[in-house]
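What's counted below: heavy atoms across the whole structure, side chains too, no hydrogens, waters or symmetry copies. Owing to the predicted nature of the structure, the values given are computational and were not obtained by experimental measurement.
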Amino acid sequence: MIQVELIIDENLPGVIDGKQLRSEVQRAIEQASRGAGSETANSCLAVRLVGEEVSRMLNAHYRGKDHSTNVLAFAPNLQEVILHPPPGP
């Protein structure tokens, strides 16, 4: 089974139904992992939704790019870094 951890920043504009989003992400992962074999067993996916300011801070810190971005992806061993990023401006 693949565990999904969803974090939605408080300052994110708009209304997001976290429960529904988590369910949709879980369903998509389960569909994508069918036939993948045992390598996906006991896996975890952490998804963090952030606003433009935090996106820019993360992009600058991890990629050296001083602008926001729509997606940042990290290796599995960096989960703690993603969930608890460096202090922002």
Side-chain angles (χ1 to χ4, degrees):
M1 176 164 160
I2 300 174
Q3 177 186 350
V4 175
E5 183 170 356
L6 177 64
I7 299 169
I8 301 173
D9 282 9
E10 293 177 11
N11 296 330
L12 192 62
V15 178
I16 296 175
D17 181 347
K19 185 176 179 180
Q20 181 180 357
L21 182 58
R22 182 178 286 107
S23 175
E24 292 295 326
V25 169
Q26 185 76 48
R27 186 175 60 79
I29 289 170
E30 288 171 3
Q31 286 180 341
S33 65
R34 285 190 189 136
S38 62
E39 63 269 11
T40 60
N42 299 318
S43 298
C44 178
L45 171 69
V47 177
R48 182 173 177 204
L49 302 178
V50 300
E52 191 168 337
E53 183 179 336
V54 174
S55 172
R56 183 177 184 165
M57 182 214 42
L58 291 171
N59 203 27
H61 182 81
Y62 292 108
R63 298 183 60 226
K65 311 267 184 185
D66 189 22
H67 55 82
S68 61
T69 185
N70 57 355
V71 174
L72 284 172
F74 298 91
N77 60 345
L78 293 177
Q79 179 183 9
E80 188 66 21
V81 173
I82 298 166
L83 298 177
H84 305 284

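- Contact annotation: the side chain of Leu21 never approaches that of Val47 to less than 4.5 Å [non-hydrogen atoms, C-beta and beyond].
- Separating the NE2 atom in His67 from the CG atom in Asn59 is a distance of 5.5 Å, to the nearest 0.5 Å.
- Residues Met57 and Val50 fail the side-chain proximity criterion, which asks for heavy atoms closer than 4.5 Å.
- In this structure, Glu53 does not pair ionically with Arg56, as no charged nitrogen and carboxylate oxygen lie closer than 4.0 Å.
- Rounding to the nearest 0.5 angstrom, the gap separating the CD atom in Glu52 from the OG1 atom in Thr69 is 10.5 Å.
- Here the straight-line distance linking atom NZ of Lys65 with atom CG of Leu72 works out to 11.5 Å at 0.5 Å rounding.
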